[in-house]
Engineer: 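What follows is a single structure, and I will ask about it in a moment.
Small disclaimer: the values here were computed from a predicted structure and weren't measured.
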Amino acid sequence: RMQKPIPLEPETHLIRARFEAFTADEPGMQSAGGGDLARARTDLLRVLELDPENAEATLVLAEVMQRQRNIPAAHALLRDAATTYPRNIR
């Protein structure tokens with residue numbers, strides 16, 4: 001089970017969000033306290049609140065939105081990221 005992140009540290013929110021997103025499709029992870037896309041989305045929004053220019057959080061949030069079947073929001077995030085970070089090929 002992941003620990004609560006430090007409130008003002010974007011990196012701790014990002015680590016937990018990546019864990020939640022990565023384990024969301026793993027069988028049995030939700031019953032073990034992991035793999036929650038809604039929690040990942042909340043953490044990623046907090047990362048972007050603390051660090052609005054965090055490209056990795058934007059990319060992972062777009063992936064989470066896509067997996068939640070919110071394709072228009074994922075597309076908008078990626079389009080905005082492409083203009084904000086034109087040299088970042090991720």
Side-chain angles (χ1 to χ4, degrees):
R1 182 160 172 93
M2 295 293 290
Q3 298 296 315
K4 289 186 179 183
I6 300 168
L8 298 177
E9 286 293 324
E11 187 64 25
T12 58
H13 291 278
L14 183 58
I15 290 168
R16 187 169 76 173
R18 284 190 303 227
F19 170 78
E20 296 293 346
F22 180 75
T23 58
D25 293 332
E26 295 291 319
M29 279 306 295
Q30 287 188 340
S31 63
D36 185 354
L37 289 177
R39 189 181 317 170
R41 182 179 179 275
T42 301
D43 281 332
L44 291 165
L45 290 173
R46 180 68 176 147
V47 171
L48 293 172
E49 182 182 309
L50 296 169
D51 181 9
E53 296 184 3
N54 192 312
E56 185 176 359
T58 302
L59 182 63
V60 176
L61 181 58
E63 178 186 340
V64 167
M65 297 289 223
Q66 180 182 1
R67 289 168 70 184
Q68 290 179 324
R69 306 287 189 243
N70 192 347
I71 304 301
H75 185 260
L77 279 168
L78 292 174
R79 185 179 53 242
D80 291 345
T83 46
T84 304
Y85 315 105
R87 301 180 89 184
N88 191 340
I89 59 172
R90 285 177 118 194

Engineer: In Å, rounded to the nearest 0.5 Å, how long is the span from CG of Asp36 to CZ of Arg16?
Structural biologist: 9.5 Å
Engineer: What distance do Leu37 atom CG and Asn70 atom CG have between them, rounded to the nearest 0.5 Å?
Structural biologist: 12.0 Å
Engineer: Side chains of Ile71 and Gln66, heavy atoms from C-beta outward: is any pair under 4.5 Å?
Structural biologist: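 Yes, side chains in contact.
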Engineer: Check step by step if salt bridge (charged side-chain N to carboxylate O under 4.0 Å, His left out) holds for Arg67 and Glu63.
Structural biologist: CA-CA 6 Å; Arg67 289 168 70 184; Glu63 178 186 340; 3.4 Å; yes
Engineer: Side chains of Thr58 and Glu56, heavy atoms from C-beta outward: is any pair under 4.5 Å?
Structural biologist: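 Heavy-atom side-chain distance check fails, nothing below 4.5 Å.
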Engineer: At their closest point, which heavy atom of Ala62 faces which heavy atom of Ala74, and how far apart are they?
Structural biologist: O-CB, 3.4 Å
Engineer: How close do Ala40 and Ala21 get, counting heavy atoms only, and between which atoms?
Structural biologist: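 The pair with the smallest heavy-atom distance is CB-N, 4.1 Å.
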Engineer: Say you draw a straight line from OG1 of Thr23 to CZ of Arg18; how long is it, rounded to the nearest 0.5 Å?
Structural biologist: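 Reported to 0.5 Å precision, the distance equals 13.0 Å.
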Engineer: For a quick test of reading the model, state the closest non-hydrogen atom pair linking Val47 to Ala57 and the distance between them.
Structural biologist: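 Smallest heavy-atom distance, with atoms named: CG1-CB, 3.5 Å.
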Engineer: Under the criterion side chain to side chain contact (heavy atoms under 4.5 Å, CB included), which of Leu45, Leu78, Asp43 is the partner of Leu61?
Structural biologist: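 Testing each of Leu45, Leu78, Asp43 against Leu61, the sole residue satisfying side chain to side chain contact (heavy atoms under 4.5 Å, CB included) is Leu45.
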Engineer: Rounded to the nearest 0.5 Å, what's the gap from CZ on Arg41 to CZ on Arg39? Could you check?
Structural biologist: 15.0 Å
Engineer: Could you state the interatomic distance from CG (Leu14) to CD (Glu9), rounded to the nearest 0.5 Å?
Structural biologist: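 If we round to the nearest 0.5 Å, Leu14:CG and Glu9:CD are 12.0 Å apart.
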Engineer: Side-chain contact, heavy-atom cut-off 4.5 Å: Arg46 with Leu8?
Structural biologist: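 Answer yes - side chains close enough.
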